[in-house]
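Remarks on the structure that follows.
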Number of protein chains: 2
Amino acid sequence: MRVLLVDDHALFRDGLKLVLKQLGEEVEISECGTCEEAYEIIKESEGFNLILLDVDLPVISGIEGLQEFRKLDPSAPIVFLSGADDQKLIRKALELGVMGYIPKTLNSEIIVQALRLIMKGGRYVPDNILLQADEPAHQEIILTMRQKEILNLISQGKANKEIANILGIADNTVRVHISAIFQILKVNNRTEAAFAALQEGLVSPY
Amino acid sequence: MRVLLVDDHALFRDGLKLVLKQLGEEVEISECGTCEEAYEIIKESEGFNLILLDVDLPVISGIEGLQEFRKLDPSAPIVFLSGADDQKLIRKALELGVMGYIPKTLNSEIIVQALRLIMKGGRYVPDNILLQADEPAHQEIILTMRQKEILNLISQGKANKEIANILGIADNTVRVHISAIFQILKVNNRTEAAFAALQEGLVSPY
DNA sequence: CCAAAAATAGTACAGATGTACTACGCTCTA
DNA sequence: TAGAGCGTAGTACATCTGTACTATTTTTGG
């Protein structure tokens, strides 16, 4: 069995390698600390039975790199490793079609069980986290493309006039969009909107 | 030798325990996943020779919990473990007087050497990161208490009047503070200020 | 104790922001 | 083809925001 382990924390890799050996007979582990290295390894290999991918990788995150892994080794089930028990992240991961989401807080016994499950074609997602996520019944926020564009510019601290210039429209139009955005996000001003955008993952804090 | 290992990632603890055993003869390792548990362990123990503390812990972060560790076991050298190679964080850690800062990306050989150094009374800080930190010459941003309070409220999307009400001062005064904050942060409006505050770690995105 | 820094507060003003309207063209779908 | 939704744009208006002043009181450090 061939496993590829991508995580920038060398010691965590060491710990996980021990766990993987409990998985069974002949486990052959390739490891690296970045997506870029992982791509090279896959190209030089004959495919893996399992890819364990840290979501929080430097340069190219696991989420960003996921598609490339799919291309390079379409048959390998991909499991996300994550330091954060983030409900949204898990949902996104599942949407992206990963076969598992393993929080690094899990102890080795549970991880072994989870990986066995995944190797048999199942999925593993920590239930406590999914239950948590069900609660809020948090209504999906849907914005039009234009609204997302403008929300992004708002989040950069741009003024209405600047936004109008950038998009080549009248600043009255910008205001109309902004009013609409505020209603959808249920906020009253651009600073609240910016933070709402952050929380919804619509913008990133650079 | 007694070592306390506080990290919420069970597998990382496993990896690190292996490394610690390389440190020498009789290493006795206590481990847990949160500061709260760690406090209990220290109270029930006779003191440690080394405390390894993850900075990014749930509920109480390593940085927040540091003082309490100091109180409970003043003689134990404290070493931060961190998943992020963050220059600012390292500087802050050193200011707080920790004896070492170990990025989780380090491999085991280097960690062993670093821990040996620290056990002998030295300090370990990854040089590549410190060099990096020198470059930006990023001037420290110093705000008064009042300014921080107001910056926080700005980041919550509060209007000047609301801030004035909350703090029990005139909204003219709020404006004066805000003008000062903008100059210090080199920004032009409250949304930019909110994001600058985020980047500087002055507020958290809840 | 004095000087500097911080916090307070006022007046004044230009410009930005947010809302409420109306209105028109475009695209898609029933 | 009618209606819905989107993007565009205008007018009007009340309010908020940010800056530039001046000025007083409190706190703090040398």
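Chain letters run A, B, ... following the sequence lines, proteins first and then strands; every chain starts at 1. Here the structure is a predicted model, which is why all the values come from computation and not from measurement.
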So does A:Val174 get a backbone contact from the side chain of A:Asp171, meaning a donor-acceptor N/O pair under 3.5 Å? no
Applying a 4.0 Å non-hydrogen cut-off, can you work out what B:Thr173 is touching in the nucleic acid: base, sugar-phosphate, or nothing? base
Rounded to the nearest angstrom, tell me the gap between atom CD1 in A:Ile184 and atom C1' in D:dC6. 11 Å
May I ask you to evaluate whether A:Thr144 reaches the phosphate of D:dG5, defined as a side-chain N or O under 4.0 Å from OP1 or OP2? no
Spacing between B:Arg146 atom CZ and C:dA5 atom C1', to the nearest angstrom: 16 Å
Round to a whole Å and report the spacing from CD1 of B:Ile181 to P of C:dA6. 13 Å
Measure from the side-chain N and O atoms of A:Glu162 to the backbone N and O of A:Ala159, and report whether any donor-acceptor pair falls under 3.5 Å. yes
Taking side-chain contact (heavy atoms from CB on, under 4.5 Å) as the criterion, tell me which of A:Leu53, A:Leu5, A:Val55, A:Asp56 meets it with A:Leu81. A:Leu5
Could you state the atom-to-atom distance from CD of B:Gln147 to P of C:dA7 in whole Å? 6 Å
Between D:dT19 and B:Arg175, is there an OP1 or OP2 to side-chain N/O distance shorter than 4.0 Å? no
Separation of atom CZ in B:Phe182 from atom P in D:dT19, rounded to whole Å: 6 Å
Students often mix this up, so state it plainly: with edges at 30° and 60°, are the rings of B:Phe195 and A:Phe195 parallel, tilted or perpendicular? tilted
Of D:dG10, D:dG7, D:dT19, the nucleotide closest to the side chain of A:His177 is D:dG7
Judged by atom type as modelled, is there a donor-acceptor pair below 3.5 Å linking the side chain of B:Arg190 to the main-chain atoms of B:Lys158? yes
Note: contacts of residues 158-172 of chain B with DNA chain D (heavy atom, under 4.0 Å) are B:Ala159, B:Asn160, B:Lys161
Rounded distance [0.5 Å steps], CG in B:Leu151 versus CZ in B:Phe182: 8.5 Å
Just compare C:dG18, D:dT17, C:dG10 and give me whichever is closest to any side-chain atom of A:Ile178. C:dG18
Just how far, in rounded Å, is P of D:dC6 from CD of A:Glu149? 15 Å
Measuring from B:Ile169:CD1 to B:His177:NE2, what's the distance to the nearest 0.5 Å? 5.0 Å
Round to a whole Å and report the spacing from CG of B:Asn189 to C1' of C:dT17. 11 Å
Separation of B:Asn188 atom CG from C:dG15 atom C1', in whole Å? 14 Å
